[in-house]
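Below: the structure, in C-alpha cells.
We count ligands from 1, going down the list as the structure has it; atoms in each ligand are counted the same way. These values consider heavy atoms only, across backbone and side chains, with no hydrogens, waters or symmetry-generated copies. Please read these numbers as outputs of a predicted model, since none were measured by experiment.
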Amino acid sequence: MVNHKIQAAEENLLHVYNRFPVVLDHGEGMYLYDTDGKEYLDFAAGFAVTGLGYNCKELNEALKAQIDKLYHTSNLYYHETCGEAARELNRVCGMDRVFFTNSGGEAVEGALKAARRYAYTKGTGRFEFIAMENSFHGRTFGAVSVTGHDAYREPFEPLVPGVRFAKFNDLDSVKALVSDRTCAIILEPLQGEGGINLADQEFMEGIRRICDENDILMICDEVQCGMGRTGSMFAWQGFGVKPDILTMAKAIGNGVPVGAFAMTEQVAEYSLKAGDHGATYGGNPLACTAVKKVIEIFEREDIVGHVNKVAPYLTKRLDELVDELDCVTERKGKGLMQGIVVTKPLAEVNSRAIEEGLLVIQAQGNVIRFVPPLIAEEKHIDEMIEKLKRALA
Ligand SMILES: *Cc1c(COP(=O)(O)O)cnc(C)c1O
C-alpha cells in the first residue's frame, strides 16, 4: 500500500535516513500514535532522548511560557534561564563550567576543541586523540574523526588528523597508543550505537590513571548514556571515575534540541577563552528552560531511583529471552540502556515489531537496543517482551 503522507515527504527530503514506514502524530507517556491512530509502545525514545516520555505537561507549560516571554537573545546578552540551567546542569553532572550547544555532535566538537586549546595554552605540543573502536560520537567532521566505525568515516576522508583507535575495554591497547603527543582520550562509558558495550570498572580506572600520569584529558561522551539512563545521573558517577570534560545532549532537553560540553575548573583555566568558540543559538532561553525543567522534574520525581527500581526487571526479562529463544544469544548493557544480540535479520524483526505496535532500534553487532523513556514501568516491560516475542517468532 502506498502511504501518500510518506511519499509527499520523500519528494523533498535528502534520502539519508532509513525510515520506518510510520507517520507519527502525537505521544502520551510511553506511547506514540500514528496518523491512523495506531498505538506504539516506545522503547526507542527517539534515540534515548525523551527520558520523561511524551506530553509531559509540566515541561510543555514551561516551554510555552518561555516562548511567550523570549526565546532568542544570542550569546552577547545574558538571560536568567542560561545561568540557572548552567548551574543546575553543573550540579548534577559534577562539572564546573558548561557550554551549551544545539546537538550532541556539536558538544563533541566543542570538547575536542577544548582539549586542543588546553594543550595549546600549556604549550605541550600535544594534539592527538585516542578514541575507541566501535565508538559513535556524531556526524560533524571532528565527531566523525573520533568515531570508530569505517562506514561513517570512509566517504568523508581525509578527516581531522591525529586520531588513533584503541580497543574498547583493552587497557593495553590504549597504553600502546599513548605518547607525548596524546592530548585526550575520548570514550563512551556505555557505547550506544556501537552495540551497547559497557566499560569495565578497571578500564575506566585505568584510563583515568593514564590521563593523570601524563597530563592527558579524559573526555566522557555521555550524550546517550547520561541523564539517568544507567542508574546514576551520569554514567561516570556510577563508576566513580570523573572525566575532565563531559559531553551531553539527547535526554537533557527531552527533545528540545540542546547539548552541552562541560569541564572542570582546572581544565577551564587553560582551555577556551573569549572569542575561541561560539554558537549563535547555543543555550538560548528555550533550550535552557528545557534543561532546567527536565532536571527539576528528574529530581522531584526521583527518575534515577525509578530507573534503579525497574531496570533489574528489564534485565531479568531479557535474560529469560536469552534462555528461551535460540535466536537471542546475549544480553548487554545497564539500567534502561540495554540490548540483545539476535541471529535474525534486524530489518525483518523491526518491521514485525512495528506491526505489533512496538518501536525498538538497532545497534551494531545485530543488537536490538532498548532505550525507553525512563518512566517505563514493569507493565510496559511485560508488554514489550510479549510484542517482541511475536516479532522474533
Ligand atoms: C547521538 C550521539 C551523538 C551525536 O548526537 P547528535 O545530537 O545526533 O549530534 C554523539 N555521541 C553519542 C554517544 C551519541 O549517542
Side-chain angles (χ1 to χ4, degrees), residues 14 16-19 44-51 93 99-115 129 131-149 151-153 156 159-160 163 165 168 184-199 204 218-230 234-236 238 243 245-262 279 281-283 287 290-291 294 332-339 361-365 367 369-372 374:
L14 194 60
V16 293
Y17 296 111
N18 288 314
R19 293 182 212 258
F47 278 104
V49 168
T50 53
C93 84
F99 179 97
F100 286 110
T101 67
N102 307 290
S103 69
E106 262 182 84
V108 170
E109 209 66 36
L112 298 175
K113 283 179 72 179
F129 296 110
M132 299 300 143
E133 290 176 6
N134 294 315
S135 63
F136 180 81
H137 297 292
R139 308 295 200 147
T140 57
F141 259 102
V144 161
S145 301
V146 289
T147 288
H149 185 45
Y152 293 148
R153 304 163 50 85
F156 310 104
L159 301 174
V160 175
V163 181
F165 289 94
F168 192 65
I185 301 177
I186 180 167
L187 79 161
E188 300 151 85
L190 173 48
Q191 290 186 332
E193 177 69 25
I196 309 292
N197 308 311
L198 182 64
M204 289 290 283
M218 179 174 182
I219 305 173
C220 281
D221 181 352
E222 295 218 27
V223 167
Q224 187 163 161
C225 65
M227 212 59 204
R229 196 151 281 286
T230 64
F234 285 85
W236 75 258
I245 303 177
L246 181 70
T247 59
M248 300 160 270
K250 295 200 164 97
I252 70 169
N254 205 57
V256 172
V258 53
F261 63 95
Y281 294 135
V291 170
V294 165
K332 308 206 266 186
K334 189 182 177 195
L336 289 183
M337 183 167 171
Q338 302 206 28
I361 45 177
Q362 56 191 64
Q364 279 152 45
V367 168
R369 181 169 14 166
F370 307 97
V371 284
L374 303 177

Ligand 1 atoms in contact with [X] (distance to a heavy atom under 4.0 Å):
X	value
Q224	15 (O)
F136	1 (C), 2 (C), 3 (C), 11 (N), 12 (C), 13 (C), 14 (C)
S103	7 (O), 9 (O)
G138	4 (C), 10 (C)

Side chains of Q224 and R369: donor-acceptor distance under 3.5 Å anywhere?
-> yes
Under 3.5 Å, is there a donor-acceptor pair linking the side chains of T50 and N254?
-> no
closest protein heavy atom to atom 11 (N) of ligand 1 is D221 OD2, 2.7 Å
Would you mind checking which non-hydrogen protein atom is closest to atom 2 (C) of ligand 1, with the distance to 0.1 Å?
-> K250 NZ, 2.6 Å
Under 4.0 angstrom from ligand 1, any heavy atom of E193?
-> no
NE2-CD1 distance between H137 and I219, expressed to the nearest 0.5 angstrom | 8.5 Å
I want to know if ligand 1 touches [X] in the polar sense, i.e. an N/O pair below 3.5 angstrom.
X	answer
G105	yes
E106	no
E188	no

Could I get the full list of side chain to side chain donor-acceptor pair (under 3.5 Å) partners for N134, not counting sequence neighbours?
-> none
F100 and V291: which non-hydrogen atoms are nearest, and at how many Å?
-> CE2-CG2, 4.4 Å
Work out which heavy atom in V256 is nearest to a heavy atom in A287; give both atom names and the distance.
-> CG1-CA, 4.0 Å
More than 12 heavy atoms from other groups under 6.0 Å of OH on Y152 = yes
Does some non-hydrogen atom of the protein lie less than 4.0 angstrom from atom 7 (O) of ligand 1?
-> yes
Note, F129 side chain near I185 side chain (heavy atom, < 4.5 Å) | no
